[in-house]
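In the text below, chain A, chain B and the rest are named by the order of the sequence lines, each starting its count at 1. For the numbers below, each heavy atom of this structure counts, side chains included, while hydrogens, waters and symmetry mates do not.
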Protein chains: 2
Amino acid sequence: MAKFAAGGGDAGASPIRVFDGTLRSFAGYNMKRAFNLVQADLARTLEPFGLRMMTFTALALIVDNPDMSQSQLAGALAVERSNLVTIVDDLEKHGWITRNPAPNDRRSHALRATPDGECLCEKAVSAVAAHEAKLLGGLQASEAAALISTLRKIEHSATGDA
Amino acid sequence: MAKFAAGGGDAGASPIRVFDGTLRSFAGYNMKRAFNLVQADLARTLEPFGLRMMTFTALALIVDNPDMSQSQLAGALAVERSNLVTIVDDLEKHGWITRNPAPNDRRSHALRATPDGECLCEKAVSAVAAHEAKLLGGLQASEAAALISTLRKIEHSATGDA
DNA sequence: ACTTATTGCTATTTGACATAACAATCATAT
DNA sequence: ATATGATTGTTATGTCAAATAGCAATAAGT
């Protein structure tokens, strides 16, 4: 999908190494590069399950939060409600979740994973975990933990979280 | 652009906190969330300069690699050559770079930043650095360095770099 | 000289994502 | 109770980035 790699591209016979030292000092640049690779690997991992990154994330959240509404899910996914419809449709058509009537609000749908959906989610989570472990294999366990911790700090800092 | 935040969404009066513990254990999930916020801040920072993330990155690479070709730049940016045309057009129309004839190859263009382009690049780099420093203000200096180091390790691991 | 590959480019398509509007329903204030 | 406004899910639409196919000009290999 993405060949990627600065200077690692096969762009011709020219052997010049592209210098990106200025950009390398930015955390954002390194985040984008690393994430692109992780995302590509994730897509390949999920494809055999019939899942994309978005549908996988949505399914995992529905499994962990039974009877949540589409608005809540959209908020959690940082997706517009209108765009969520397609995602939920996809999961529902495959029989992995159902749209149930919400007891207190006849407008909203209580999303619930089916046994099939839970089973698929479990398998997909395991597969993703395995692939990520392979991708992060060169890291110390403490390093991986520090990475996640630091990323969450950035997220809290940017959202002005309490 | 992106409201974001799991459970932080204003999705209704329902006070239920969306549980995303399963996904939180994945580095990729945390990377996506953190990067989305960083990217949004970056876009806001670059907008006054008339730059987008892609054009900014392209300009910085051209400044650091005078006379590089479009193919080389496309490789470094992980963008198709066809999509790069628009980006280079943008930079050229603003007078920040020029397409010069390459000495050894009459097909390719030697991309070079103009004095205006270099000046703008310098200012933009400073602005981005300042914004990123603010965004990463809550981190120890060693923590930020470790973040970049770890991200590069992941990148090397995924690309099978030597 | 002939074939093949590369460069920059155009055109087209796909997909992600935001916006606008809608009927149904809820909530609130008279 | 009723009128007003807000929210939910949905459809339709527009916008923008990224992928694909193909092209003429040029280069490289045989």
Side-chain angles (χ1 to χ4, degrees), chain A residues 1-4 9-16 32 35-36 39-40 43 47 52-58 62 67-93 97-111, chain B residues 1-4 9-16 32 35-36 39-40 42-43 47 51-58 62 67-93 97-111:
Chain A
M1 293 298 105
K3 37 184 175 185
F4 220 83
D10 52 359
S14 309
I16 86 154
K32 178 175 172 57
F35 176 67
N36 272 12
Q39 189 184 24
E47 196 193 14
R52 289 169 297 125
M53 186 176 59
M54 255 309 179
T55 53
F56 167 69
T57 309
I62 295 171
D67 292 336
M68 75 188 310
S69 75
Q70 292 189 193
S71 284
Q72 290 168 341
L73 181 56
L77 291 171
V79 166
E80 294 300 318
R81 291 196 312 279
S82 46
N83 298 119
L84 185 70
V85 176
T86 315
I87 299 170
V88 174
D89 281 350
D90 185 9
L91 294 174
E92 192 183 36
K93 278 169 192 166
I97 69 163
T98 50
R99 284 190 239 229
N100 305 107
N104 301 334
D105 193 334
R106 278 190 297 174
R107 294 170 300 177
S108 76
H109 295 160
L111 305 176
Chain B
M1 290 296 106
K3 39 183 175 182
F4 221 84
D10 52 359
S14 308
I16 86 154
K32 177 173 173 57
F35 176 66
N36 273 12
Q39 189 183 24
L42 178 66
E47 196 194 14
L51 290 167
R52 287 168 298 124
M53 185 175 59
M54 257 308 179
T55 53
F56 167 68
T57 309
I62 294 171
D67 292 336
M68 75 189 309
S69 75
Q70 292 190 192
S71 282
Q72 289 167 342
L73 181 56
L77 291 170
V79 166
E80 295 300 318
R81 290 195 311 278
S82 47
N83 297 120
L84 185 69
V85 177
T86 315
I87 299 170
V88 174
D89 281 349
D90 185 9
L91 294 174
E92 192 183 35
K93 279 169 191 166
I97 68 162
T98 51
R99 285 190 240 229
N100 305 106
N104 301 334
D105 193 332
R106 278 190 297 174
R107 294 171 300 177
S108 76
H109 295 160
L111 305 176

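Separating the CG atom of A/Asp90 from the C1' atom of C/dA16 is a distance of 15 Å, rounded to the nearest angstrom. Residue A/Asn104 contributes atom CG, which lies 18 Å from atom P of D/dT7 at whole-angstrom precision. In this entry the distance linking CG of A/Leu77 with P of C/dA18 reads 12 Å, nearest Å. Between A/Asn36 atom CG and D/dA17 atom P the separation is 15 Å, expressed in whole Å. Rounded to an integer number of Å, the gap from A/Arg107 CZ to C/dA23 C1' is 12 Å. Atom CD in B/Glu80 sits about 13 Å away from atom C1' in C/dG8, given to the nearest Å. Nucleotide C/dA16 holds its C1' atom 10 Å from the CD1 atom of A/Ile87, rounded to whole Å. For A/Leu84 and C/dG15, the CG to C1' distance is 17 Å, given to the nearest whole Å.
Between B/Ser108 and the phosphate of D/dT26, there is no side-chain N or O to OP1/OP2 separation shorter than 4.0 Å. Dashed line: the shortest gap from a side-chain N or O of B/Arg106 to OP1 or OP2 of C/dG8 is not under 4.0 Å.
In this structure, of D/dT8, D/dA18, D/dA27, it is D/dA18 that holds the atom nearest to the side chain of B/Met54. For A/Ser69, taking side-chain heavy atoms from C-beta onward, the closest of the listed nucleotides D/dG9, C/dG8, C/dT25 is D/dG9.
A distance of 8.5 Å separates CD of B/Gln39 from NZ of B/Lys32, quoted to the nearest 0.5 Å. In this structure, CG in B/Leu42 is found 7.5 Å from OG1 in B/Thr57, a value given to the nearest 0.5 Å. Rounded to the nearest 0.5 Å, atoms CG (B/Asn100) and CG (B/Leu111) are 8.0 Å apart.
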Identify the pairs formed between an N or O of the protein and an N or O of nucleotides 1-3 of chain C at a distance under 3.5 Å, and give each distance.
none

Collect all protein-nucleotide pairs involving nucleotides 9-13 of chain C in which both atoms are nitrogen or oxygen and the distance is under 3.5 Å.
unit_1 : atom_1 : unit_2  : atom_2 : d
C/dC9  : OP1    : B/Arg99 : NH1    : 3.1
C/dC9  : OP2    : B/Gln70 : OE1    : 2.9
C/dC9  : OP2    : B/Gln70 : NE2    : 2.8
C/dC9  : OP2    : B/Arg99 : NH1    : 2.5

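With sequence neighbours left out, B/Arg106 forms a salt bridge (Lys or Arg N to Asp or Glu O under 4.0 Å) with no residue at all.
Two residues are said to be in side-chain contact when any heavy atoms from C-beta on lie closer than 4.5 Å; B/Asp90 and B/Arg52 meet this criterion. Counting heavy atoms from C-beta on, the side chains of B/Leu91 and B/Ile62 come closer than 4.5 Å.
Contact record, A/Arg81 with A/Ser71: CD-OG, 3.0 Å, taken as the closest heavy-atom pair. Across all non-hydrogen atoms, the minimal contact from B/Ala74 to B/Leu84 is N-CD2, 3.7 Å. The shortest non-hydrogen separation linking B/Ile87 to B/Ala58 is CG2-CB, 3.9 Å.
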